[in-house]
A.B. asks: 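One structure is given below, represented as structure tokens, and several questions about it will come after.
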Amino acid sequence: MNSKIFLNTKFLILPNSNTTSIEILSELIRKFGGEIIEDLEDLDKNTVILINDSYIGDSGSLIQQDLFRRECHVNFTTLEDFVHANELQIVRVSCVSRWIKQGAFQILGEDLVSIISDTGEEHGSQTSTDNSITDIIIDENVPDSEAETEGNIELESFEDVENRNSMQYEHINEPLIESSYINLGKNDVLIKALNLLAKKYRLKGDQFRARSYTLAKASIEKCPYKIESGAQAQRELTNIGLSIAKKIDIILKTGILPGLEEVNLVERKLDYFTNCHAVGSYKAKRWELFKLSSFSDVVTRFPDDFITDWTMLFGWSYYEDWSKRISREECECHLKIVKDTLKTIDPSCHVELQGSYVRGSETCGDIDLLFYKQYCDDTKEIGIIFEKLVRLLFRKGFIQCSLMLTSKLQETFKDILRERFQKCGLKYPSGSSLFASDINKKYYLGTKLPTSVYKARDEPPLLKLKECDKYMSLSSSRKNENPCRRLDFFCCKWSEIGAARMQWTGSGEFNRWIRLLADKHGLKLSQHGLFTREGELLESYDERKIFQLLHVDYVKPELRSEGLWQQDETKGMIKK
DNA sequence: GGGCCGTACTG
DNA sequence: CAGTACG
DNA sequence: GCCC
């Protein structure tokens, strides 16, 4: 019944395609036969350029050009040339929903967008005057300043947000609604909305409100039937209260996710920053407050931030590589290399994969390795092995960078560090220590396999650096080279192997759930074991015993990923 | 109205 | 101590 | 924002 109205048509979405609603649109385009491209190399003469409506002014031309260029994930000038040479059509993204609705791919005159720079000159200065009155600025600031001045007592009601935003962005929201022809899963719209709300509050630094939305989302994900009303959800599911119930009603009624569209430029900036290692909501908020929107902005304005938190240099350098997923096979190759070198240092030291790998994930975000020695409860000993191991693996070219140092290792890595500092115009702080301890119980590393051992599939990163930040990038781009991976070393005492495996197997949500459960029993659980409130050890060696002491059936690692472990414990999901 | 996981490392 | 990170 |  779905005609392939976009068959043989490629679409390039600008300024970027990594916002949630654009992702949904992309799915739709693919579903109706179209192809979404990310790179200019894939452009052809029939490619249609889609422009996010929030960058299109009343007259149908591009507004906020300098911002647009900065947000652009492709080189805008190159694109412009190609567009002019091949007379490509440039259309507002909101047309997609109309095409699908009408079942015909037909571009009308009013859909077309002009991207021709009025001045023809370089971007940069021309924006300051006109933009103060453009709708973008207004859209962005009104909701936020309001929320701020309300002083956190009563947050803006959902209805308010809807009134502010739905008018302007109805066309963007529209395709999410009429799911008659969009075959989304039963509660997918709700799940997506709650996920966005969680993300929004996490970026704001409101971890608890964010967590509430995460838990509510989990409840709905596990709900086997379609939710018909907010009241029903509140009645039958846990972690859904009055406020979320109201939101559910609005979404069910209108299909809109009010106030959640990508139009919020502030959130997008925060998101760009916080996806860099060592940048959390605090730093991101501060930078955003100073109107910075790229790492190159930050390095000019607050160079000290990069000196004190130098690991950001590597977060920046590997921003794209570290957003890529890793195959299980590649995880095993990383383990083998570490294991082989470990053997030459201390053959009695063991190392094993943990994290999402042991939970059986198809792909992993990073690689977690747990080290221990039989009968050895001295983690210092392993800390010393770590240091040697890191040095050897760096010399072999496997380790690219370390986000944790000791005095010896600062010496080992000093050339790389100096190069990175200088690359972004900073002076290497040769007098100061970039480490706090001389024996670390864990290491965060960047590692890369030689292609002779394993070649990872060439996939686009999930996150892209802005054009102006790319000069620092060490990500593998399209070279015949593997991406750099995040690899973590952890260690544990032999006597704590059970509790440690529990911790490092995760998931994070599973850990929080079972620790909260321990707390309800008046106990405390950590990677060091299960303890009484007074600190008396109950169990740390035998993982199954820990489960027993908490009165829960053993949960297989495969069931410890988000949302899977409470299958026998329906109370967690459905109220009784 | 207070709690929301518990720990390691950095400055 | 706060901030960031790890599962 | 939810739960006790």
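Every chain is numbered from 1, with letters handed out A, B, ... down the list of sequences. The basis for the numbers below is simple: all heavy atoms, side chains too, and nothing from hydrogens, waters or symmetry mates.
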A.B. asks: Just so I know, are the side chains of A:Lys373 and A:Ile385 near enough to count as touching, which here means a heavy-atom distance under 4.5 Å?
C.D. replies: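 When only atoms from C-beta onward are counted, A:Ile385 and A:Lys373 do touch, with a gap below 4.5 Å.
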A.B. asks: Whole Å only: how far is the CZ atom of A:Arg211 from the P atom of D:dC2?
C.D. replies: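 Going from CZ in A:Arg211 over to P in D:dC2 covers 14 Å.
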A.B. asks: Could you state the CD-P distance from A:Glu236 to D:dC2, rounded to the nearest angstrom?
C.D. replies: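 Computing the A:Glu236:CD to D:dC2:P distance gives 17 Å.
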A.B. asks: Which residue in the set A:Tyr443, A:Trp504, A:Tyr372 passes ring pair (Phe, Tyr, Trp, His ring centres under 6.0 Å) when paired with A:Phe490?
C.D. replies: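 The option that passes is A:Trp504.
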A.B. asks: Looking only at side chains, do A:Gln232 and A:Gln234 share a donor and an acceptor under 3.5 Å apart?
C.D. replies: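 There is no such pair between these side chains.
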A.B. asks: What string of B, S and - do you get for nucleotides 2-7 of chain C 5' to 3' if you count protein non-hydrogen atoms under 4.0 Å?
C.D. replies: -SSSBB
A.B. asks: Can you list the residues that meet the ring-ring contact (aromatic ring centres under 6.0 Å, His included) rule with A:Tyr318, with sequence neighbours excluded?
C.D. replies: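 Per chain and number, A:Tyr318 pairs via ring-ring contact (aromatic ring centres under 6.0 Å, His included) with A:Trp322.
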A.B. asks: Could you check how far CG of A:Leu197 sits from P of D:dG1, rounded to whole Å?
C.D. replies: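 Rounded to the whole Å, the gap is 9 Å.
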A.B. asks: Under a 4.5 Å cut-off applied to non-hydrogen side-chain atoms, are A:Arg202 and A:Thr274 in contact?
C.D. replies: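 A:Arg202 vs A:Thr274: side chains apart.
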A.B. asks: Measuring only between side-chain heavy atoms, which start at C-beta, is A:Ile248 closer than 4.5 Å to A:Ile220?
C.D. replies: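 Heavy-atom side-chain distance check passes, below 4.5 Å.
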A.B. asks: Determine the contact category for A:Leu525: base if any of its heavy atoms lies under 4.0 Å from a base atom, sugar-phosphate if only primed atoms, P, OP1 or OP2 are that close, otherwise nothing.
C.D. replies: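 Sugar-phosphate contact only.
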A.B. asks: With rounding to whole Å, what would you report as the distance between C:dG3 and B:dG1 at their C1' atoms?
C.D. replies: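 Approximately 27 Å lies between the C1' atom of C:dG3 and that of B:dG1.
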A.B. asks: Rounding to the closest angstrom, what is the interatomic distance between B:dC4 and C:dA2 at atom P?
C.D. replies: 16 Å
A.B. asks: Below 4.0 Å from chain A heavy atoms, what is the first contacting nucleotide of DNA chain B and what is the last?
C.D. replies: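 The footprint of chain A covers B:dC4 to B:dG11.
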A.B. asks: Can you tell if the side chain of A:Ser507 reaches within under 4.5 Å of the side chain of A:Arg359, non-hydrogen atoms only?
C.D. replies: yes
A.B. asks: What integer distance in Å separates A:Leu242:CG from D:dC2:P?
C.D. replies: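 From A:Leu242 CG to D:dC2 P: 7 Å.
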A.B. asks: Where each residue is assigned the nucleotide of DNA chain B containing its nearest heavy atom, which of A:Lys524 and A:Ser212 is assigned the position nearer the 5′ end?
C.D. replies: A:Ser212
A.B. asks: Could you pull out all donor-acceptor pairs under 3.5 Å where a side-chain atom in residues 417-424 of chain A meets a protein atom, sequence neighbours excluded?
C.D. replies:
from     : atom 1 : to       : atom 2 : distance (Å)
A:Arg420 : NH1    : A:Ser317 : OG     : 2.8
A:Arg420 : NH1    : A:Met472 : O      : 2.6

A.B. asks: Do A:Phe314 and A:Met312 have side chains that get closer than 4.5 Å, going by heavy atoms?
C.D. replies: no
A.B. asks: Once the angle between the rings of A:Tyr444 and A:His277 is folded into 0 to 90°, is it parallel (under 30°), tilted (30 to 60°) or perpendicular (over 60°)?
C.D. replies: perpendicular
A.B. asks: List in numerical order all residues of residues 307-325 of chain A for which some heavy atom is under 4.0 Å away from an atom belonging to DNA chain B.
C.D. replies: A:Thr308, A:Trp310
A.B. asks: Quick one: list whatever passes side chain to side chain contact (heavy atoms under 4.5 Å, CB included) with A:Ala456, sequence neighbours left out.
C.D. replies: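 Listed in chain order: A:Glu330, A:Tyr454, A:Asn482, A:Pro483, A:Arg485.
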A.B. asks: Applying a 4.0 Å non-hydrogen cut-off, can you work out what A:Phe510 is touching in the nucleic acid: base, sugar-phosphate, or nothing?
C.D. replies: nothing
A.B. asks: May I have the distance from A:Ile248 (atom CD1) to D:dG1 (atom C1'), rounded to whole angstrom?
C.D. replies: 13 Å
A.B. asks: Could you give the distance separating B:dA8 and D:dG1 at their P atoms, to the nearest angstrom?
C.D. replies: 34 Å
